[in-house]
Number of protein chains: 2
Amino acid sequence: MRTGELAATSGLTAKTIRFYEQAGLLPEPPRTQGGYRDYPPEAAHRLAFIREAQSAGLTLAEIRSVLVVRDSGETPCVHVAYLIEQHLADIERRMAELRTTRTVLRTLAQRAAATDPSTCSEAEICRIINPPPQVTDGLSRPG
Amino acid sequence: MRTGELAATSGLTAKTIRFYEQAGLLPEPPRTQGGYRDYPPEAAHRLAFIREAQSAGLTLAEIRSVLVVRDSGETPCVHVAYLIEQHLADIERRMAELRTTRTVLRTLAQRAAATDPSTCSEAEICRIINPPPQVTDGLSRPG
DNA sequence: GTAGACCTTCCAGTACGCTGGAAGGTCAAG
DNA sequence: CTTGACCTTCCAGCGTACTGGAAGGTCTAC
């Protein structure tokens, strides 16, 4: 099976397949007389595995590490379980970050809705994002 | 105020400040006789604005677009409000993606917990990530 | 005059997963 | 023989926000 055919069956591009080989995810296949890559059927399986792993959020480097273990003849279960836990933790972290940013943005959205552009001074850049220290009324602090 | 001093007051590095200038976020300051940058006090304000905007998740390109509007003498409110809405939508999108990936990973985690490595065949890469089509019992489908 | 802190410019690299393009070889059909 | 589809290699670039380092200039203190 040549590169283009494997690309068609796997839903990737020929470029990507060559890139995976160069990145150590796909072993070098034998070549035809003309120098064309000639993949065995298992290559499609391997690519399917890579896509599955990617959809689980694993990086190519991590996927490669799993494949290296597997290619050495060992079962990568323990390693895979570790990667899964790592990624779950990572996702929680990133979701927390996004929630924080969302809170910031919602504050800004409210401020935007309440802002009258004509009251902005030239010295400010944008009071929606970076409001002046105290613009309320001067009575809010006793003294 | 020289670059290092501005860096110290703003909490950035001198490198970053020069990078911002090159990226069009900070106007070119006047130079001393020796060729050193000599920032006016407003520069610190501008950097504070940039940091605020960054913490709201705006990219440097977006922040620059706001600054360009502001530097042209107009108020960037409408533009800023638009960016805020865009980013809120973007965050929702990304959180949805993360939730999807998390679901995938949780499935994998369960599978990992239920997997006995010794039952894996050599033909599989990792049945946690990419399980064989039907490994249950052969009775699950009638016929 | 010399050490050392600070500044300058310019170029390159980081991570990530590809993608584009140039220049050329292979193979089957007409 | 030529066309055209397909393949090969190699090099470069994308986007993001910096960061590192080299090679050299400036300024102050001793």
Side-chain angles (χ1 to χ4, degrees), chain A residues 1-26 28-39 43 46-47 49-67 83 86-87 90-91 93-94 97-98 101, chain B residues 1-26 28-39 43 46-47 49-67 83 86-87 90-91 93-94 97-98 101:
Chain A
M1 179 182 238
R2 291 187 309 181
T3 308
E5 203 181 339
L6 181 59
T9 35
S10 65
L12 299 170
T13 68
K15 279 267 186 193
T16 301
I17 290 173
R18 283 190 285 266
F19 169 76
Y20 283 174
E21 177 181 326
Q22 199 226 319
L25 290 158
L26 215 49
E28 289 186 29
R31 300 288 180 124
T32 66
Q33 271 197 337
Y36 291 6
R37 287 176 179 79
D38 187 20
Y39 292 99
R46 197 166 171 112
L47 288 179
F49 172 81
I50 293 170
R51 294 196 76 181
E52 274 298 310
Q54 270 195 302
S55 78
L58 300 200
T59 65
L60 291 187
E62 288 166 339
I63 298 168
R64 183 179 51 222
S65 73
V66 173
L67 289 167
L83 290 176
Q86 288 290 303
H87 273 267
D90 186 49
I91 282 184
R93 243 191 321 272
R94 283 156 65 193
E97 276 173 23
L98 286 180
T101 304
Chain B
M1 180 183 239
R2 292 187 309 182
T3 307
E5 202 181 340
L6 181 59
T9 34
S10 65
L12 301 170
T13 68
K15 279 266 186 194
T16 301
I17 288 172
R18 283 191 284 268
F19 169 75
Y20 283 175
E21 177 182 325
Q22 200 227 318
L25 290 158
L26 215 49
E28 289 187 31
R31 300 287 180 125
T32 65
Q33 271 197 338
Y36 290 7
R37 287 177 179 80
D38 187 20
Y39 291 99
R46 197 165 172 113
L47 288 179
F49 172 81
I50 292 170
R51 295 195 75 181
E52 275 297 309
Q54 269 196 303
S55 77
L58 301 199
T59 65
L60 291 187
E62 289 165 339
I63 297 169
R64 183 178 52 223
S65 74
V66 172
L67 289 167
L83 290 177
Q86 289 290 303
H87 273 266
D90 188 48
I91 282 184
R93 242 190 322 274
R94 282 156 64 194
E97 277 173 22
L98 286 180
T101 304

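Letters go in sequence order (proteins before strands), and every chain restarts at 1.
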State, yes or no, whether a side-chain contact exists between [X] and [Y] at a heavy-atom distance under 4.5 Å.
X	Y	answer
L60(B)	F19(B)	yes
R37(B)	R31(B)	yes
E21(A)	P29(A)	yes

Contact summary for [X] and [Y], nearest pair of heavy atoms:
X	Y	answer
L6(A)	T9(A)	O-OG1, 3.0 Å
E62(B)	L58(B)	OE1-CA, 3.4 Å
A14(B)	A7(B)	N-CB, 3.6 Å
M1(B)	E5(B)	CA-OE1, 3.8 Å

Find the distance [X]:[atom1] to [N]:[atom2] and express it as a whole number of Å.
X	N	atom1	atom2	value
R37(B)	dG25(D)	CZ	P	17 Å
E21(A)	dT8(D)	CD	P	9 Å
Y39(B)	dC6(C)	OH	P	17 Å
I63(B)	dA17(D)	CD1	P	7 Å
E5(A)	dC6(D)	CD	P	12 Å
E28(A)	dC7(D)	CD	P	18 Å
R31(A)	dT8(D)	CZ	P	6 Å
E62(B)	dT16(D)	CD	C1'	12 Å

Annotated protein contacts, base or backbone, on nucleotides 12-21 of chain C with a non-hydrogen cut-off under 4.0 Å, one of B, S, - each: -----BBSBB

Per-nucleotide protein contact string for nucleotides 23-30 of chain C (B base, S sugar-phosphate only, - none; heavy atom under 4.0 Å): --BBS---

Candidate pair T101(A) and H87(B), rule side chain to side chain contact (heavy atoms under 4.5 Å, CB included), full reasoning: CA-CA 9 Å; T101(A) 304; H87(B) 273 266; over 6 Å; no

Check against side chain to side chain contact (heavy atoms under 4.5 Å, CB included), L83(B) and S65(B): CA-CA 10 Å; L83(B) 290 177; S65(B) 74; 4.2 Å; yes

